[in-house]
Every structure is written in structure tokens, then in C-alpha cells.
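Below is one structure; the comments refer to it alone.
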Amino acid sequence: MSAHVIADAAEALAVARQFGAELAKGDAERDAERRLPHAEVAALARSGLLGLTVPRAFGGAGLGARDLGDVFVELATGDSSVGQVPQNHYFFVDVVHHVGTPEQQEFFYGEVLAGRHFANALSERGSRTAWEYDIRFERQPDGRYLVDGVKHYGTGTPFAPWIPIYATDRSEDPAGRLVAAWVEASHPGVTVEDDWIGMGQRTTGSGTVRFREVLVDADRVMPAGTMFEQAETFGAFGNFLHAAIDVGIARAALRDGAELVRTVARPWPEFGAPSAAQDPLVIQEFGDLVLRTRAAHALLREAGSAIDAARADLTEESAGEASLAVAAARAAADTAAVSVSSDVFALVGTRAAAKPLNLDRHWRNARTHTLHDPRRSKLQHLGRHALLDVFPPANGWV
């Protein structure tokens, strides 16, 4: 595969807007049929939109978080399922940046710029928390690592050449250390199952991945846990991209809701408006939906700037401020996505519930995606800092 290499933020946003507009044309149909977007993700890889954070020293555009967030909003506005696939990809590109050796960075940045992108196989079932990884991961006498077991919610795995995983390496310390390992999807011991049955985000390819006696070379393994031994922006960055997806869902609901108000809705007869779009009460309520969405987008951009500032001058305080800004953006985007995609129905009226319109996909997508981690945890971090002057921990999750 070959991919276009995007030069800067302006080109990235222009490409993303055009690509998002194309995605929107088939979004409702793909969701209704639960048709996995193989062609769309392949086109995304060719477009260059998956190589935006590769540093300029390695041939990429070196985009910062704020600019990347705007790209994600455009993609998710077009199709939030396709827009979620790059979240996992950029999560692991950030791992490469933080803990990859120069040789690993050279190799994997080259893969990314060529369009050979990353999926993920992080989550496991049965462990006490989502932060625990029990998949079998053992160093062999020849220095390679054996991977054997099952991962779930492997977003993007049907589309990607690489499936990075998190695992616990106990070869040197019985307590274990967190590592990231890159597994080639084409390995004969890898099986990707299309068994994701969520009510929303239906075409993210977030199914089960089975690893059967897969051997991974040592130079495909990175010490991910070392990222959290000091101040870091890794967790904030991952959450930031999730918030961008939620903002995109709210914008998509606004877009489709506005079109239905203009073309399908009828004015409520007792107030005498010539059309639903000219009904002062509809205008007022729709304006409130716009306000929620714009506020969430503004907080997202503020959070992106905070991440960029922390990366430029990384201290415990700057990293903490970035995490707090992202927590605020994530909480606001959660509220906007869920409430806007629900409340827009009342402004369109009964016809909004017609199944062929598939307007409900935006609420299903919002409600499903915002379950990724709880809004209440974001409010806890904001409240603790305001009352007790305590920053969120450096654990990769905030």
C-alpha cells in the first residue's frame, strides 16, 4: 500500500473536511445494514490522514493535538464509526513516540506513512478491572515472545495490518511490567472475529481477536509502563481523541436534524408559523442544541492547546493542567453528544422516529461511545483539583 503524505495542518483539515463529507453520504446506510467500512478505511489510509503526527524528522507533518482534534471532529461528523478507528491507531502511534527506540520509531513511522496502520487489542474479559491484562505473554529462549489468549473490543482489527496489544511481561519481574506488542494481523495464529453487537458504533469492527501461539520478535515490543513513571500527556491525548469523536456525533445530529426540520417537520398549528424552521420555539430550542455543541467543541480545542503546551514544557503541573482540560472537554462532549442526538427528535416531531431516516443512529452512537469510560470520573478529577488542589494521576487513563 502507498499513501499520500500530508504536509501541514491546513492540508490535513482540508482533506478531512472533504473526506468527512464523503463519509456522510453513506453513513446511514452502512449503519442500517451494519456493513463494515473496508473500502472507506482503506481510502482513509491512502489519504494520509493516519500519518499526521509522525514527526517531521521522520517525514511526517508533525501535527499537534489541537489540529488533530479538528481532523477527528470532521471525520466523526461524517461517520463516527469510521472516525473511531483512527483513535486506536493514534493511541499506539503515541506509544511509539514515547517509548519506542530510534530503530522502532524509524520502522513504525515508515509503516504509518505507507498507510499500514494500527488497530488495537487491549481489553480482556474476566479481570477485576479494565486495567489488568492476563493474556499469556512469555519470553522464549530465542528472545521472542509467545502471545496466546483472547482480547475483546478490538476496534479496527478487521481493517489494519498491525494489531498492537497490551500485555503483562513477567519475564524479569514477577510483579510484571506493562508492555505494548505489535502483532501482524496476517500471522496464521491470529483470528479476527466480527462479533461486535453493540447498538451503536456498529461498524467499528470492535470484535474479538484470538491469538494462538503467536510469536512476536523482541523489536516489536515496547515498555509501555515506563510512560507513567513521570509526568505524561499520554492518557490525556487518548481521552482527547474520544472527546473529539463525541463532538463529531453531536455535530452530525445537528446537521441531520436541521435538514429534517427544514424539509420534513411541520409547524405546530396553534402558533401560526409558516414552517417548522420559522417557528420561534423551534429556533430557540435548536439554538440551545447548537450552544451545547459549540461549547463542547471550544473546550475540545482548549484541551488540545493544553496538551500541546504540556508537550512543549512537560512538568507535573503542565501535564496535570492538560488532563484537567481534557476531563472538562470529555465531560462536555459526552453531554452534548447524548443530549443533542436525543433532543433533536422533539424539534422534528413524530416523523423523526421513522426507521428509514435512521436519525436514531446518532443517539445510539453517542450512548455507546460515551460508555467507554464514565463521565462521573472526569467530574471527580475536576472537583478534586478545585477543592483539594490535587491533579489527576499519571496512569494513562486521564
Side-chain angles (χ1 to χ4, degrees), residues 81 84-85 87-96 98-99 117-140 144-202 204-216 220-228 234-235 237-239 241-242 368-374 377 393 395-398:
S81 285
Q84 187 177 342
V85 171
Q87 192 277 333
N88 300 279
H89 165 76
Y90 276 107
F91 178 96
F92 278 104
V93 174
D94 210 35
V95 173
V96 174
H98 279 90
V99 296
H117 52 103
F118 310 148
N120 94 97
L122 293 173
S123 298
E124 299 177 18
R125 291 177 183 165
S127 55
R128 188 179 64 87
T129 72
W131 300 5
E132 298 175 27
Y133 305 101
D134 296 326
I135 194 170
R136 184 182 174 194
F137 187 84
E138 299 174 354
R139 189 165 64 186
Q140 304 300 291
R144 293 184 295 176
Y145 288 85
L146 176 70
V147 179
D148 195 277
V150 182
K151 293 280 193 174
H152 299 276
Y153 311 118
T155 299
T157 51
F159 320 114
W162 290 98
I163 304 177
I165 69 168
Y166 266 179
T168 303
D169 177 15
R170 295 185 172 86
S171 59
E172 297 179 1
D173 181 356
R177 62 168 187 156
L178 177 67
V179 297
W182 272 253
V183 180
E184 291 192 77
S186 60
H187 191 288
V190 175
T191 302
V192 175
E193 299 178 3
D194 178 24
D195 58 357
W196 166 238
I197 56 173
M199 68 175 182
Q201 296 298 90
R202 299 181 68 205
T204 56
S206 299
T208 300
V209 186
R210 300 184 185 276
F211 301 92
R212 183 179 175 85
E213 297 185 351
V214 175
L215 290 172
V216 178
R220 301 292 182 261
V221 179
M222 300 181 195
T226 60
M227 289 187 290
F228 316 123
F234 179 78
F237 178 68
N239 269 280
L241 296 181
H242 278 301
T368 300
H369 183 256
T370 55
L371 297 175
H372 185 274
D373 57 352
S377 71
N395 60 12
W397 290 88
V398 185

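Residues forming a salt bridge (charged side-chain N to carboxylate O under 4.0 Å, His left out) with Asp373 (at least two apart in sequence, or on another chain): Arg330, Lys378. Taking the side chain to side chain contact (heavy atoms under 4.5 Å, CB included) definition, one finds that Leu215 meets it with Gln140, Arg144, Leu146, sequence neighbours left out. The ring-ring contact (aromatic ring centres under 6.0 Å, His included) search around Phe211 returns none, not counting sequence neighbours. Applying the side chain to side chain contact (heavy atoms under 4.5 Å, CB included) criterion to Tyr133, with sequence neighbours excluded, gives Glu124, Lys151, Tyr166, Thr168, Leu178, Trp397. With sequence neighbours excluded, the residues satisfying side-chain hydrogen bond (donor to acceptor under 3.5 Å, both in side chains) with Asp195 are Thr208. Here His242 pairs with His369, His372 under the ring-ring contact (aromatic ring centres under 6.0 Å, His included) rule; sequence neighbours left out. Legend: residues meeting salt bridge (charged side-chain N to carboxylate O under 4.0 Å, His left out) with Arg136, ordered by chain and number and at least two apart, are Glu138. Not counting sequence neighbours, Tyr153 has no partner by the ring-ring contact (aromatic ring centres under 6.0 Å, His included) test. Glu132 meets the salt bridge (charged side-chain N to carboxylate O under 4.0 Å, His left out) test with Arg128; sequence neighbours excluded. Under the ring-ring contact (aromatic ring centres under 6.0 Å, His included) criterion, Phe159 pairs with His38, not counting sequence neighbours.
Sorted by first and then second residue, the salt bridge (Lys or Arg N to Asp or Glu O under 4.0 Å) pairs involving residues 156-168 (not counting sequence neighbours) form an empty list.
Between Thr155 and Gln84 the shortest side-chain heavy-atom distance falls below 4.5 Å. Annotation: side chain of Val216 is not in contact with side chain of Phe137 (no heavy-atom distance under 4.5 Å). The shortest side-chain heavy-atom distance between Trp162 and His117 does not fall under the 4.5 Å cut-off. Annotation: side chain of Val147 is in contact with side chain of Ile165 (closest heavy-atom distance under 4.5 Å). Counting only heavy atoms from C-beta outward, the side chains of Val183 and Tyr145 never approach each other to under 4.5 Å. Side-chain atoms of Trp131 and Asn395, non-hydrogen and from C-beta on, do get closer than 4.5 Å to each other. Using a 4.5 Å cut-off on side-chain heavy atoms (C-beta onward), Arg177 and Asp173 make no contact. A 4.5 Å side-chain heavy-atom check between Phe118 and Tyr90 finds every atom pair outside the cut-off.
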_Working for side chain to side chain contact (heavy atoms under 4.5 Å, CB included), residues Met222 and Val179_ = CA-CA 6 Å; Met222 300 181 195; Val179 297; over 6 Å; no
*Before giving the answer on side chain to side chain contact (heavy atoms under 4.5 Å, CB included), spell out for Leu122 and His152 the whole-Å C-alpha distance, their side-chain angles and the decisive distance to 0.1 Å.*
CA-CA 7 Å; Leu122 293 173; His152 299 276; over 6 Å; no
*Full working for salt bridge (Lys or Arg N to Asp or Glu O under 4.0 Å) between Glu172 and Arg139*: CA-CA 9 Å; Glu172 297 179 1; Arg139 189 165 64 186; 3.4 Å; yes
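Contact record, Arg202 with Ser81: N-OG, 3.6 Å, taken as the closest heavy-atom pair. Closest approach of Trp182 and Pro164 over heavy atoms only: NE1-CG, 3.5 Å. Closest approach of Gly154 and Thr157 over heavy atoms only: O-OG1, 2.7 Å. Nearest heavy-atom pair across Gly149 and Ile135 is CA-CG1, 3.8 Å. Listed here is the closest heavy atom pair of Val85 and Gly156: CG1-CA, 4.2 Å. When every heavy atom of Ala180 is checked against every heavy atom of Ala224, the shortest pair comes out as N-CB, 3.9 Å.
We find the CG-CD1 distance between Asn88 and Ile163 to be 11.5 Å, quoted to the nearest 0.5 Å. Note that the CG atom of Asn120 and the OG atom of Ser206 stand 7.5 Å from one another [nearest 0.5 Å]. Note that NE2 of His89 and CG of Leu241 are 10.5 Å apart. Values are rounded to the nearest 0.5 Å.
For Phe237 and Phe91, the ring centers are positioned 6.0 Å apart or more.
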What donor-acceptor contacts under 3.5 angstrom involve side-chain atoms of residues 185-192, with partners at least two apart or in another chain?
{"from": "His187", "atom 1": "ND1", "to": "Gly189", "atom 2": "N", "distance (Å)": "2.8"}

